[in-house]
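These notes concern the structure reproduced below.
Just so you know, residue 1 is the first one in the sequence shown, and it goes up from there.
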Amino acid sequence: MFFLRMIFRSFSRQFKRRLLIAVTVCLSATVSVAMLGVVFDVGDKLNAELSTYGSNITVQPKADAVVSDLYNTSGSSGSASDADPTAFLKESDAPKIKTIFWAFNITNFAPELNIHVDAGCSGSASADSCKATNVPIVGTWFAKTLHMDSGESTVAGMNGMRSWWKLDGSWPKDDTEQGLIGTTLASKLGVKIGDTVTLGKTISTGERNQVKVKITGIYDSGDSDNNGMYIPSIVAQTLANLPDAIDKIEVKALTTPDNDLARKASKNPNALTQDEWETWYCTAYPSSIAYQIEEVIPGSVAKQVRQVAALQGDVLQKTQAVMVLMTVLSLVAAAIAVANLMAASIGERGSELALMKAIGATDGAVSRLMLAETAVISLVGALVGALLGSGVAQIVGHVVFGSGITMRPMVFVLVFVLLAVTVLIASFSSIRSILNLKPAEVLHGR
């Protein structure tokens, strides 16, 4: 009963100081929960944001694996070369990408057949101002619905791969004689939306194939892609007399930034130990996903687009580092504040604590009393801070990423452990003061 009365009087006399401790811990918990909550959930959101700027994995035939544009991140197609491809993959194999272990991390993909054709305006092909030769054409999917063997359906195509394009008009429909034309080529041919462009190509047998494509939209990609056109893959294959042929697949995937294991595996997966191989294969590294794509698409080489993958990893690591630093600084500030407040509290309560020791209380009992008071106050502050931190994390998520943050239980456990350690460390100096307290000197005013 004596100790309970002492605790009650302590709370009554030093309410403001106790309130300051609670507020300090509350603020530290708020920052820690918010920052760590974002850190644990920011990976997928950052990758999703960055993946809007192009594919991060490209798939090509093995014969073309050494082509200089293998790591091209611009998304440009046939404009990168004046020659048509000579090695091909099967378009019918492309949906197999969604059957790999990390299928749900594949957010989109689009096969491409890059060819060159002659283009002219319908009805005025004789006009020099309405002709263009060796025009780069990309046969692809725009928003193709795929029905998988598992019974699931997915939509793949350029509609979700070129989000940075400025498009005037609408996307073409797959498997129709419709297409998109770049602003540069449209200006050269004098083509507007709704016009028809005649595409012609002479194949290896000497025959000339020709098709008329209706323009549904004019795009501005901001690069050399503006010199070309995008048409459905079936139309390009018909022009080039290359049924079921593609020479490239662009893949968007949510990935984990590379580490030493991923870099080792990307050089030679066979050099990994069994445990390393299982860890690498079951982690969504770009190299792991690329390896699994190669497994399901015969004769292919899949490579990560180094610039995009490096950007994703760098941005993610720097963002996480800033948030972890803010968490550490908040904990350090809390430790300093709690230590000072407890020291001031012990200074004010010196005679009270000395009296307790004089009537028989041990150093351990007095120390436990002070720790119990601080722990109760800190717990209240931590609980309130955890609730506020969850709210702050959602605000950060909606403002920065346009979606909420998934708060994992591990975040709250980690924050409470960190705060407990912080408060305990901050209490050490105060405990030493209690141990050095001499009742006789304090009670006699010395």
Side-chain angles (χ1 to χ4, degrees), residues 11 14-50 254 256-257 259 311-346 370-431:
F11 271 87
Q14 297 189 344
F15 175 76
K16 289 183 178 180
R17 204 174 299 281
R18 297 293 182 267
L19 182 61
L20 285 175
I21 292 177
V23 170
T24 299
V25 175
C26 177
L27 291 176
S28 181
T30 300
V31 174
S32 299
V33 168
M35 294 299 99
L36 292 181
V38 174
V39 163
F40 280 97
D41 196 51
V42 74
D44 288 348
K45 296 188 186 307
L46 268 180
N47 281 334
E49 286 287 321
L50 293 174
L254 297 176
T256 298
N259 56 13
L311 175 64
Q312 290 175 332
D314 289 345
V315 172
L316 178 59
Q317 290 173 357
K318 290 176 181 178
T319 302
Q320 291 178 330
V322 169
M323 294 180 176
V324 170
L325 178 62
M326 292 179 65
T327 300
V328 171
L329 292 177
S330 73
L331 292 172
V332 171
I336 295 173
V338 170
N340 289 335
L341 289 170
M342 286 190 67
S345 176
I346 291 174
M370 294 299 296
L371 286 174
E373 289 182 6
T374 306
V376 171
I377 296 168
S378 299
L379 179 60
V380 174
L383 290 172
V384 175
L387 294 175
L388 293 176
S390 298
V392 172
Q394 300 309 314
I395 294 174
V396 171
H398 284 288
V399 171
V400 178
F401 303 108
S403 62
I405 298 295
T406 301
M407 299 301 298
R408 293 168 171 79
M410 180 171 54
V411 171
F412 298 101
V413 173
L414 181 59
V415 169
F416 275 78
V417 170
L418 290 174
L419 284 174
V421 173
T422 299
V423 172
L424 187 61
I425 293 174
S427 303
F428 281 160
S429 60
S430 302
I431 299 303

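One finds the CD1 atom of Ile336 at 11.0 Å from the OG1 atom of Thr422 (value rounded to the nearest 0.5 Å). Rounding to the nearest 0.5 Å places CG of Leu418 at 8.5 Å from OG1 of Thr327.
Minimum interatomic distance between Cys26 and Leu388 (heavy atoms only, all atoms of both residues): SG-CD1, 3.9 Å. Here the closest non-hydrogen pair linking Thr30 and Val392 is CG2-CG2, 4.0 Å. Closest of all the heavy-atom pairs between Met407 and Gly37 is CE-CA, 4.0 Å. Counting all heavy atoms, side chain and backbone alike, Val38 lies closest to Val396 at CG2-CG1, 4.0 Å. Nearest heavy atoms, Met35 versus Met326: SD-SD, 3.8 Å.
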For this session: Please report the C-alpha distance between Phe416 and Leu383 in whole Å, then the side-chain angles of each, then the deciding distance to 0.1 Å, and finally whether the side chain to side chain contact (heavy atoms under 4.5 Å, CB included) criterion is met.
Result: CA-CA 9 Å; Phe416 275 78; Leu383 290 172; 3.7 Å; yes
Exercise. After noting the C-alpha distance and the side-chain angles of Ser378 and Leu419, does the key distance pass the side chain to side chain contact (heavy atoms under 4.5 Å, CB included) rule?
Worked result: CA-CA 8 Å; Ser378 299; Leu419 284 174; over 6 Å; no
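Side-chain contact check for Ile377 versus Val25: every heavy-atom pair is 4.5 Å or farther apart. Using a 4.5 Å heavy-atom cutoff, the side chains of Ser330 and Leu27 are not in contact.
Proximity of a side-chain donor or acceptor of Ser28 to a complementary backbone N or O of Thr24 within less than 3.5 Å is not detected.
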